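Labels below follow one simple rule: chain letters A, B, ... track the order of the sequence lines, proteins then strands, and each chain is numbered from 1. Only a predicted model underlies this, so the values are computations on that prediction, with no experimental measurement involved.
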Amino acid sequence: MNWLNAFLGRPKSTSREIARNRLQLVLVHDRVNMSPQLLQTLKDDLIVVISKYVEIDVEHMEVTFTQNKRRSRLVADIPITGTRTKR
Amino acid sequence: MSAKVITITSGKGGVGKTTATANIGAALALQGKRVVAIDADIGLRNLDVVMGLENRVVYDLVHVVEGACRLRQAMIKDKHMDGLFLIPAAQSRDKNAVSPQDMIAVCEQLRPDFDFVLIDSPAGIEQGFKNAVAPADQVLIVTTPEVSAVRDADRIIGLIEADGKGPARLIVNRLRPDMVQRGDMLDTSDVTDVLAIDLLGVVPDDESIIVSTNRGIPAVLENNSRAGQAFRNIAGRLLDQEIPFMELEAPPSWLQRLGRLVRRA
């Protein structure tokens, strides 16, 4: 159906886009030498440590790598739902 | 004269390092520069055949390193151009016959007599690659617009940076504008965005490269070779000339033209 899309001028997800997205993802993990599985383990450990101090919303937490030029950054976005320690 | 040492490498094999080395070397010589190209792919010698000099090989890089001949004796003068020389790799030895220190020593000896020393690196990230990069002032990375080649290029870029040899510059080889346009190939911008390094040149996929390699004559000597033109541009940029990137647009197919008409109506 490639020709039909070309005819109607509506770009679907082309193999070029798929290649680009796959590359971006694989390079993020290559650059820090950390597989998606290992990242999950890191996330699990983070949950344990941070939960000692505050209550967190595990469902909505996000731990990802971001790239700026060739620098990698680990970004953890963890919603806090309450405090553990009583003031 | 103090030569600039430029290593051409890629990580992945078969993306066009040797072709790039031969053509950039010839293009620099066309501009009147004195150039020596070193084949650092010990055991898998190829730069000699691509340059059409295979029948003139007597001594090679390993002979030089082991002191079996003088450096001059291993330098083969190009058939087509003054000022272009080749130091071939040994064919019957392996990468461990040469060390990074040997490569640095050879290049130091060459520097006073040349404007450029080009080193054709073997594929991979092992000894041969380390040998090729050790003496480099600049590193050029060749890739094709394919996920495997780009991924390997990224690894190489990381190693070059860690080695303090960066920033490397990129050559995107064998681009097919027709495939890019129909969304079936990574474009140059996709590759440079993902790799986050500077682009030195884009070489279109071109049958004339195969023909010129068959003949042992670099494509830069053919006036109507698109790839030859791209390599001449790359050489010019290495000489700090301001050369815009080639327009690599495929002509629209009749179907696209029809589509555009329909949408306009």
Side-chain angles (χ1 to χ4, degrees), chain A residues 1-47 49-50 59-79, chain B residues 11-12 125 141 143-162 166-170 172 175-198 250-265:
Chain A
M1 291 310 252
N2 223 343
W3 64 270
L4 191 65
N5 285 331
F7 180 76
L8 294 171
R10 58 167 184 219
K12 272 256 152 162
S13 200
T14 61
S15 77
R16 170 186 168 183
E17 285 159 2
I18 294 167
R20 191 190 155 105
N21 293 338
R22 288 178 61 219
L23 254 176
Q24 265 165 341
L25 198 64
V26 76
L27 290 187
V28 163
H29 292 283
D30 278 3
R31 284 173 186 168
V32 290
N33 194 20
M34 190 182 284
S35 65
Q37 282 86 349
L38 198 57
L39 180 63
Q40 185 56 49
T41 313
L42 186 153
K43 196 173 163 182
D44 294 342
D45 285 354
L46 269 180
I47 293 170
V49 172
I50 293 170
E59 290 289 303
H60 295 99
M61 81 180 264
E62 270 182 53
V63 179
T64 48
F65 290 108
T66 62
Q67 306 270 329
N68 182 16
K69 289 281 167 183
R70 299 187 57 83
R71 296 284 156 110
S72 304
R73 185 180 292 261
L74 181 69
V75 178
D77 181 356
I78 308 172
Chain B
K12 190 175 179 296
I125 54 174
I141 310 228
T143 190
T144 55
E146 293 162 278
V147 284
S148 52
V150 175
R151 185 189 197 181
D152 288 1
D154 190 73
R155 181 98 170 87
I156 292 287
I157 293 164
L159 292 172
I160 302 288
E161 272 182 9
R169 284 190 286 175
L170 187 73
V172 177
L175 190 87
R176 290 188 47 183
D178 56 327
M179 288 190 72
V180 173
Q181 223 159 48
R182 59 170 200 260
D184 276 332
M185 183 178 267
L186 291 166
D187 197 2
T188 308
S189 61
D190 297 324
V191 180
T192 52
D193 284 356
V194 165
L195 294 178
I197 62 167
D198 283 343
S253 68
W254 66 269
L255 211 55
Q256 286 166 322
R257 263 180 269 156
L258 190 61
R260 258 177 239 166
L261 276 176
V262 169
R263 256 173 290 141
R264 215 174 294 155

Can you tell me how far CE of B:Met179 sits from OG1 of A:Thr14, rounded to the nearest 0.5 angstrom? 11.0 Å
Can you tell me if A:Arg70 uses its side chain to pair, donor with acceptor, with the backbone of B:Leu195 under 3.5 Å? yes
With the threshold set at 4.0 Å, does a side-chain nitrogen-carboxylate oxygen contact exist between A:Asp30 and B:Arg155? no
What closest approach, in Å, do B:Arg151 and A:Leu23 show between heavy atoms, and which atom pair accounts for it? N-CD2, 3.9 Å
Which answer fits B:Ser189, side chain, backbone, both or neither, if we ask what part of it has an atom under 4.5 Å from a heavy atom of chain A? both
Roughly how far, to the nearest 0.5 Å, is the CZ atom of A:Arg22 from the CG atom of B:Leu186? 10.5 Å
Below 4.5 Å from any heavy atom of chain A, which atoms of B:Asp193 appear? Answer side chain, backbone, both or neither. side chain
Quick check on B:Val191 against chain A: is it the side chain, the backbone, both or neither that has a heavy atom closer than 4.5 Å? neither
Does CG belonging to A:Asp45 count more than 12 external heavy atoms closer than 6.0 Å? yes
Checking heavy atoms, do the side chain of B:Ile157, its backbone, both or neither come under 4.5 Å from chain A? both
Taking side chain as C-beta onward, heavy atoms only, is A:Val26 less than 4.5 Å from B:Asp154? no
